[in-house]
Undergrad: 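My questions will all concern the structure given below.
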Amino acid sequence: MNIIEKITNVIPTLNSSQIEAITTTEGPLLIIAGPGTGKTLTIVARTLYILLTNKATPDEILLTTFTEKASFELRDRLNQSAIKIGYKNNLHQLKVGTIHSICNDFIMKFLNHTPLKKGYVVLDELTQMFFIYENFKEVIPEINGKFLGKWQKKWDAIKNIVLYYNKITEEMIEPENLKLSNNDFLKLIAESYHRYKEKLFEKNRIDFSHLQRIFFDLLQNKDLYPKIKQKIKYVMVDEYQDTNFIQERILLTLAHPENNICVVGDEDQSLYRFRGATVRNILEFHKNFKDCKIVKLTINYRSHKEIIDRYNNFINSIDWQGFRFKKQILPNPEERFPDYPAVFSIWSKNKKDEAERIIKLLKFLKENRIIKDWSDVAILLKSIRSEHSGHYIDALRTNSIPVFAPRAKVFFENTEIKLLLACYTIILGFHKNLNDYIHR
């Protein structure tokens with residue numbers, strides 16, 4: 001029994017395109033994986049194929065994905081499949097994680113070559129803003145009664161300036177070039193960024209953006225690069241459409257010179273531009289190499305044929321002019337699809353009426369046992385902010401239908417939570433004048 005037969009015995013649903021992606025191990029490979037086409041399954045099977053053919057040991061493979069949750073799931077599925085297939089070696093040595101966690105691992109190994117010291121603290125999105133608040137006077141100047149000459153309130157300045165800081169770091173923009181600009185605001189931003197960066201390293205702190213920049217700088221060190229690279233033979237990247245510029249540079253550098261790099265993603269599912277991601281990375285990946293193989297996964301195993309047809313009609317009704325790979329998503333040819341209205345529209349007079357009509361639909365589905373539990377239903381909205389989700393949440397609760405919307409940001413609208421936060425802001429000194437705070 002050959003290696004592919006072993007893998008297909010464990011993962012029998014693999015189709016010819018997936019097998020092509022699994023067995024293409026040398027050189028750059030771009031896998032365009034449409035929705036529901038089994039991209040994680042393909043990554044798992046490809047990793048096992050590389051291991052079973054002895055092309056690499058576990059510690060020579062780097063697997064990275066977008067979130068910690070996804071990386072845990074990837075590791076778990078690899079372990080389960082390896083057990084079924086009889087692979088005995090220690091998979092814990094696989095380098096699996098988010099790009100940030102992988103950067104952090106290497107920084108810890110080569111700490112004495114960075115501006116950081118032992119015990120450094122990584123700031124997440126929230127603690128980064130609090131760090132700026134704590135060092136506000138040192139990093140953000142006040143010009144003509146406005147912070148950076150633009151914002152009147154501290155938190156408005158912080159929420160906006162952090163976007164500039166991260167963009168400068170992730171796009172690898174040299175602040176010195178901004179200082180040469182004719183734009184006074186950009187000059188102020190450059191100076192503020194310089195102070196912020198100094199303050200970070202002075203306090204032994206690092207944000208997510210600088211985590212990547214410091215690791216990139218380590219990769220540029222001619223003496224250190226061979227030491228970092230020596231145990232990396234294969235690089236695989238999930239959700240490549242959600243990577244930003246510096247992440248692309250890091251991944252391509254790690255794969256050089258063999259360029260055994262496989263990236264998986266779907267430009268149609270690029271959602272994180274607001275976090276600095278650029279769909280350009282996946283659209284232009286093949287241009288980084290003389291010879292890059294492209295494999296398209298197009299069989300959807302998740303959705304009803306009618307849903308897939310609607311998707312294709314919508315997505316192909318637009319002239320994308322090079323901003324999309326041409327592909328047609330197909331339903332699973334091995335499946336028989338039940339005859340029911342998989343797609344239909346609900347028209348309403350206003351937001352409240354729309355929510356009530358959705359409730360009627362949900363009750364119909366539950367009463368007729370089309371769904372077994374309320375948790376079988378997901379409502380996808382253009383935004384989870386309360387102004388877009390509030391009327392749905394209110395209608396569901398009014399009708400005693402349990403709802404889980406942790407990111408709808410309504411938790412902090414509760415009076416009890418507001419009062420508790422107010423107490424903490426006073427205790428921690430964020431509002432030193434109690435009377436002023438009460439009046440506000």
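All values below come from the heavy atoms of this structure, side chains included, with hydrogens, waters and symmetry mates left out. Here, residue 1 is the first one in the sequence, and each next residue gets the next number.
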Undergrad: Checking Asn221 now: which residues fulfil side-chain contact (heavy atoms from CB on, under 4.5 Å) with it, not counting sequence neighbours?
TA: Asp223, Leu224
Undergrad: Is it the case that Tyr234 and Glu26 place a side-chain donor and acceptor less than 3.5 Å from each other?
TA: yes
Undergrad: For the backbone of Ile308 and the side chain of Lys305, can you confirm whether one donor and one acceptor N or O come within less than 3.5 Å of each other?
TA: no
Undergrad: Taking Ser81 for the side chain and Leu78 for the main chain, is one N or O donor matched with an acceptor at less than 3.5 Å?
TA: no
Undergrad: Could you pull out all residues at least two apart from Gln128 that satisfy side chain to side chain donor-acceptor pair (under 3.5 Å)?
TA: Asn166, Tyr196, Asp207
Undergrad: Would you say that Thr57 contacts Asn89 through its side chain, given a criterion of any heavy-atom pair below 4.5 Å between the two side chains?
TA: no
Undergrad: How long is the straight-line distance from CD of Glu239 back to OG1 of Thr65, given to the nearest 0.5 Å?
TA: 5.5 Å
Undergrad: Using atom types as modelled and distance alone, determine if a side-chain donor or acceptor of Asn399 lies under 3.5 Å from a backbone N or O of Ile401.
TA: no
Undergrad: Which distance, rounded to the nearest 0.5 Å, do you find between the CD1 of Ile168 and the OG of Ser192?
TA: 8.5 Å
Undergrad: Mind checking whether Ile214 and Phe201 have side chains closer than 4.5 Å, heavy atoms only?
TA: yes
Undergrad: What are the two closest heavy atoms between Val96 and Ser71, and how far apart are they?
TA: CG1-O, 3.7 Å
Undergrad: Taking all non-hydrogen atoms of both residues into account, name the closest pair between Lys327 and Lys296 and its distance.
TA: CB-CD, 4.4 Å
Undergrad: Can you see whether Asp268 engages Tyr311 through a side-chain donor-acceptor pair at a distance of less than 3.5 angstrom?
TA: yes
Undergrad: Quick check: does any side chain N or O of Lys95 sit under 3.5 Å from a backbone N or O of Asp59, one acting as donor and the other as acceptor?
TA: yes
Undergrad: Of all residues at least two apart in sequence or in a different chain, which pass the ring-ring contact (aromatic ring centres under 6.0 Å, His included) check with Phe147?
TA: Phe136
Undergrad: Just do the side chain to side chain contact (heavy atoms under 4.5 Å, CB included) check on Thr253 and Ile250 with the steps written out, would you?
TA: CA-CA 5 Å; Thr253 305; Ile250 287 171; 5.9 Å; no
Undergrad: Taking the side chain from Asn312 and the backbone from Ile329, do they hold a donor-acceptor pair closer than 3.5 Å?
TA: yes
Undergrad: Rounded to the nearest 0.5 Å, how far apart are CE of Met108 and CG of Leu116?
TA: 11.0 Å
Undergrad: Output yes when a side-chain donor or acceptor of Asn104 lies under 3.5 Å from a complementary backbone atom of His100, and no otherwise.
TA: no
Undergrad: Are Glu258 and Lys229 within salt-bridge range, i.e. N to O under 4.0 Å?
TA: yes
Undergrad: What distance separates Ile158 CD1 from Tyr133 OH, expressed to the nearest 0.5 Å?
TA: 7.0 Å
Undergrad: Any side-chain donor paired with an acceptor under 3.5 Å for Thr127 and Asp124?
TA: yes
Undergrad: So, using side chain to side chain donor-acceptor pair (under 3.5 Å) as the criterion, who are the partners of Glu20 when residues are at least two apart?
TA: Lys293
Undergrad: Run the ring-ring contact (aromatic ring centres under 6.0 Å, His included) test against Phe131 and tell me which residues pass, sequence neighbours left out.
TA: none
Undergrad: Of the non-hydrogen atoms in Ile22 and Ala45, which two are nearest, and what is the gap between them?
TA: CD1-CB, 3.4 Å
Undergrad: Let me see the working for Gln80 and Asp76 under side-chain hydrogen bond (donor to acceptor under 3.5 Å, both in side chains), right down to the final yes or no.
TA: CA-CA 6 Å; Gln80 290 179 11; Asp76 185 52; 3.0 Å; yes
Undergrad: Under 3.5 Å, is there a donor-acceptor pair between the Thr169 and Tyr193 side chains?
TA: yes
Undergrad: What pairs of residues pass the side-chain hydrogen bond (donor to acceptor under 3.5 Å, both in side chains) test when at least one of them lies in residues 40-54, not counting sequence neighbours?
TA: Gln18-Thr42
Undergrad: Scan for salt bridge (Lys or Arg N to Asp or Glu O under 4.0 Å) pairs involving residues 240-250, sequence neighbours excluded, and state none if there are none.
TA: Glu248-Arg280
Undergrad: Give, for atom CG of Leu254 and atom CG of Asn260, the distance between the pair rounded to the nearest 0.5 Å.
TA: 13.0 Å
Undergrad: Is Glu387 atom CD crowded by more than 12 heavy atoms from other residues, nucleotides or ligands, each under 6.0 Å away?
TA: yes
Undergrad: Apply side-chain contact (heavy atoms from CB on, under 4.5 Å) to Phe185 and list each qualifying residue two or more places apart in sequence or on a separate chain.
TA: Leu148, Lys150, Trp151, Tyr164, Asn183, Ile189
Undergrad: For Leu74 and Asp238: C-alpha separation, side-chain torsions, deciding distance, then whether side chain to side chain contact (heavy atoms under 4.5 Å, CB included) applies.
TA: CA-CA 10 Å; Leu74 187 57; Asp238 192 12; 5.7 Å; no
Undergrad: Report yes if some heavy atom in the side chain of His210 is under 4.5 Å from a heavy atom in the side chain of Lys197; otherwise report no.
TA: yes
Undergrad: Should Ile99 and Cys103 be marked as a side chain to side chain contact (heavy atoms under 4.5 Å, CB included) after you check the CA-CA gap, both sets of side-chain angles, and the distance that decides it?
TA: CA-CA 6 Å; Ile99 292 182; Cys103 289; 4.0 Å; yes
Undergrad: Does any part of the side chain of Leu365, heavy atoms only, come nearer than 4.5 Å to the side chain of Asp376, both counted from C-beta?
TA: no
Undergrad: List the atom of Leu29, the atom of Ala21, and the distance in Å for their closest heavy-atom pair.
TA: CD2-O, 3.5 Å
Undergrad: So, the side chain of Glu267 versus the backbone of Phe325: is there a donor-acceptor pair under 3.5 Å, distance only?
TA: yes
Undergrad: With sequence neighbours left out, what residues match Trp374 under ring-ring contact (aromatic ring centres under 6.0 Å, His included)?
TA: none
Undergrad: Is any side-chain heavy atom of Phe216 less than 4.5 Å from a side-chain heavy atom of Met172?
TA: yes
Undergrad: List for me each residue that meets side chain to side chain donor-acceptor pair (under 3.5 Å) alongside Arg75, sequence neighbours excluded, and say none if there are none.
TA: none
Undergrad: Are the side chains of Phe285 and Ile261 in touch, meaning some heavy atoms are under 4.5 Å apart?
TA: yes
Undergrad: Set out, in order, the CA-CA distance, both residues' side-chain angles and the distance that settles side-chain hydrogen bond (donor to acceptor under 3.5 Å, both in side chains) for Gln241 and Gln269, then state yes or no.
TA: CA-CA 7 Å; Gln241 76 279 353; Gln269 300 179 59; 5.6 Å; no
Undergrad: Can you name the closest pair of heavy atoms from Thr114 and Leu218 and give their distance?
TA: CG2-CD2, 4.0 Å
Undergrad: Have a look at Tyr301 and tell me which of Asn15, Asn332, Thr37 forms a side chain to side chain donor-acceptor pair (under 3.5 Å) with it.
TA: Asn15
Undergrad: Could you go through the side chain to side chain contact (heavy atoms under 4.5 Å, CB included) check for Lys39 and Ile31 one step at a time?
TA: CA-CA 8 Å; Lys39 65 181 178 64; Ile31 302 175; over 6 Å; no
Undergrad: May I have the list of side-chain donor-acceptor pairs in residues 336-346 shorter than 3.5 Å, sequence neighbours left out?
TA:
none

Undergrad: Please report the closest heavy-atom contact between Ile102 and Gly97, naming both atoms and the distance.
TA: CD1-O, 3.8 Å
Undergrad: If only atom types and distance count, is the side chain of Asn281 paired as donor or acceptor with the main-chain N or O of Thr243 below 3.5 Å?
TA: yes
Undergrad: Distance from Asn9 atom CG to Leu14 atom CG, nearest 0.5 Å?
TA: 11.0 Å
Undergrad: With sequence neighbours excluded, what pairs up with Phe215 under the ring-ring contact (aromatic ring centres under 6.0 Å, His included) test?
TA: Phe106
